[in-house]
Number of protein chains: 2
Amino acid sequence: MAQPKIRNMEEFASLSGISRPTVSKYFNDPDSVRASTRAKIEASLKKHDYQPNVFAMNQNRRTTKNIGVVVPNLADPFFSEIGRRVELACIDAGYSPILLSSHGSPEMERDNLKTLRSLKPAGVLLAPFGRMSDEAAVQAFDEEFPLVLFDANMAKVGQAFVGTDNGQSVDLMVEYLCRSGEPPCFFEMRNPTNPNANKRRQAYIESMERHGQEPRIFQAEGEGWNFEEIGSTEGARLLSSKAFSTNTILCSNDRLAIGMLSAAYGLGLRVGHGTGCDLRIAGHDDHPFSRYTCPPLTTIAQDYEAIANRAVSELFGILEDDERLSDRTETTFDGRLIMRDSA
Amino acid sequence: MAQPKIRNMEEFASLSGISRPTVSKYFNDPDSVRASTRAKIEASLKKHDYQPNVFAMNQNRRTTKNIGVVVPNLADPFFSEIGRRVELACIDAGYSPILLSSHGSPEMERDNLKTLRSLKPAGVLLAPFGRMSDEAAVQAFDEEFPLVLFDANMAKVGQAFVGTDNGQSVDLMVEYLCRSGEPPCFFEMRNPTNPNANKRRQAYIESMERHGQEPRIFQAEGEGWNFEEIGSTEGARLLSSKAFSTNTILCSNDRLAIGMLSAAYGLGLRVGHGTGCDLRIAGHDDHPFSRYTCPPLTTIAQDYEAIANRAVSELFGILEDDERLSDRTETTFDGRLIMRDSA
DNA sequence: TATATATATTTACGCGCGCTAAATTTTAAT
DNA sequence: ATTAAAATTTAGCGCGCGTAAATATATATA
């Protein structure tokens, strides 16, 4: 790092003994210049500590290196985890990820898309709210930018979707629960903010029917993203009134299950599959904390890594062949059954 | 929204019947133009759906409206929560927050600061790693931009610091634990990544001495940010070997406590302050899940809201009087004791 | 109504870099 | 050594907006 502060690319180029356009090419793609000049530039970079002005770079460019990443709620560990992986994958590919959380509000999702539009992203990875998303806004966005959806699907929007096969994953859990004890009832929110909830309910019903069992669904009242609170309050209400028709409860997601575990504990009910247990509780998502609940939560692990990587590679695939492919792809990964002590 | 897509401010200005520089002034500060022209512009905005090009806007500007927000790890609910509040406070003030997570890595903190520098932020809010942070990089950043630290302090860096008074908060907990049962031992990581850990240990020692008790510290081996895992593994080891000299364990933070609770459950130990309980466990931070652990965790609540708001207002205060104030301020808020069932 | 002051407009320039086309040099292939 | 191909240089325009100075217009004060 030298003392004289470099003002612009022109100056850096002449200090490096290279012309400005060549330096410009280097910053856009280091492999597009001859190895010997690349070496000269990189040597000079180590001496001089220059980085191009982002705003000038992006202003007059056909397409930037920005990748927008929008998730419904970073406070939810599922999204913070998958967001992290997506972010790192973008950086590895030489892009600049811009991670935005909608903080649980579909309106802010719309705002986030608006913000992103002004950043001229090369592409966008969106985990939408689903039916609660501003469909027109997402659709308009889809027409303007390469868009890949993940986690939650929306009909005919985005050039690709990547997520978990809820049919497979829920069936896996139902099968296990039926085989190892009483068939499960299903616990979910009446007005789920999570769009996968509907798929999971449907998958539960179908799976139960395949097993010759009657599906039983219990719906919790409550709005918003405070799933643990809802699971705990409504779980306590249902448990104490002995509303459940079976001793096995499959929760729509781990956060509800964590609330349910807390409710069971409060009522002095022993949760687990061992002898002397009153109740089995299972979840879905392999939430980072589900390993440390009491008892540890039996759940379905979504393949975060695969979903994040595939979503990113789908997007980059689209970016490379700038032809807009007509065929929308949908990729789902299997869930894995994580057997712990709660069920 | 009209059909003809507006290309630039020139076009929008003439459509609105106003000159471009006046429109430019409006976007920089709506209150800086006459009410009647502001009304004309806003009416036109509703018709035409134009927004200025971010890159062109920021390129030739003395100072942007960007506020950088850097946290050590968004996967930690504490930071995702405080990051969320900071973000919203910035938006309310008409700024564009850019939230960056260092994903637990001090190297990425350095990269994030580098990224931010190229975005010419009006100011930066940084929750540093503390001693693990690249001190030179942070210091250099401090000289270039208005910088406010939060959560973790660094000596003489940043123009202000906002956080929790660990001395007060830990003392509050120690006092409660001593008063209500056996005096606590202290459980922490040997090489804590969280910089507040050292302050808490010190606070624990001093508080115990004030209470005429001998401090006892137990340190867990383990690196990284997987605190629950470390708390669980090391907790199980210590509990099963009956290493603890008291039945009361104060954990350096809630995530370690959650791991410890899990270990106690696995060993069949009953946690709580009631009769028939074997162990009391307390934490620190009022982690979002601490309310739903089994039993619910007694802990210290940091005042997220106050810390976030004060950090933001400190920064905006600095931005307004562009004179660089010589006096560095340090603000700490008291923690609140949250009594639940675990201790 | 005349004068002083605040606000708008006009004019003009520059920011730092992307991008292009033609001229030139370097490298690789014969 | 000759030739073709690839890389670099030179030269120059343009992006969309910030900003400053000069000028014109509107509002407040006398």
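Below, read A as the first sequence line, B as the second, and so on, with proteins coming before strands; counting in each chain starts at 1.
- For A:Tyr50, a side-chain nitrogen or oxygen approaches OP1 or OP2 of C:dC17 to under 4.0 Å.
- A straight line from OH of B:Tyr26 to C1' of C:dT9 spans 19 Å, rounded to a whole angstrom.
- Taking CG of B:Leu74 as the start and OG of A:Ser80 as the end, the distance is 7.0 Å to the nearest 0.5 Å.
- Residue B:Glu42 places its CD atom among more than 12 non-hydrogen atoms of other residues, nucleotides or ligands, all under 6.0 Å distant.
- Following rounding to the nearest Å, A:Ile18 (CD1) and C:dC17 (P) show an atom-to-atom distance of 16 Å.
- Atoms SG and NZ, from B:Cys90 and B:Lys65 in turn, are 11.5 Å apart once rounded to the nearest 0.5 Å.
- Residue A:Glu330 qualifies as enclosed at atom CD: its count of foreign heavy atoms under 6.0 Å is above 12.
- From the 5' end on, the contacts that DNA chain D makes with chain B at under 4.0 Å to a non-hydrogen atom open and close at D:dG16 to D:dA26.
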Exercise for the section: For the pair B:Thr64 and B:Asn58, evaluate side chain to side chain donor-acceptor pair (under 3.5 Å) and give the outcome as yes or no after the intermediate values. Expected result: CA-CA 6 Å; B:Thr64 69; B:Asn58 287 321; 4.8 Å; no
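- Applying the 3.5 Å distance criterion, the base of C:dG16 shares a donor-acceptor pair with the side chain of A:Gln59.
- Of the residues near DNA chain C, B:Ser19 and A:Asn53, the one whose nearest nucleotide (by heavy atom distance) lies more toward the 5' end is B:Ser19.
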Protein-nucleotides 18-26 of chain C N/O pairs under 3.5 Å:
residue	atom	partner	partner atom	Å
C:dG18	OP2	A:Ser24	OG	2.4
C:dG18	O3'	A:Asn60	O	3.4
C:dG18	N7	A:Arg20	NH1	3.4
C:dG18	O6	A:Arg20	NH2	3.1
C:dC19	OP1	A:Arg62	N	3.2
C:dC19	O3'	A:Arg62	NH2	3.1
C:dT20	OP1	A:Arg62	NH2	2.2

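- Separating the CZ atom in B:Phe55 from the CG atom in A:Asn66 is a distance of 5.0 Å, to the nearest 0.5 Å.
- Between B:Arg85 and B:Glu81 there is a salt bridge, since at least one side-chain N of the basic residue sits less than 4.0 Å from a carboxylate O of the acidic one.
- Across every strand in view, D:dA30 sits in a pair with C:dT1 that passes the Watson-Crick or G-U test at under 3.5 angstrom.
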Practice task
Quick one: do B:Val138 and B:Phe129 satisfy side chain to side chain contact (heavy atoms under 4.5 Å, CB included)? Show the steps, please.
Solution key: CA-CA 11 Å; B:Val138 178; B:Phe129 284 95; over 6 Å; no
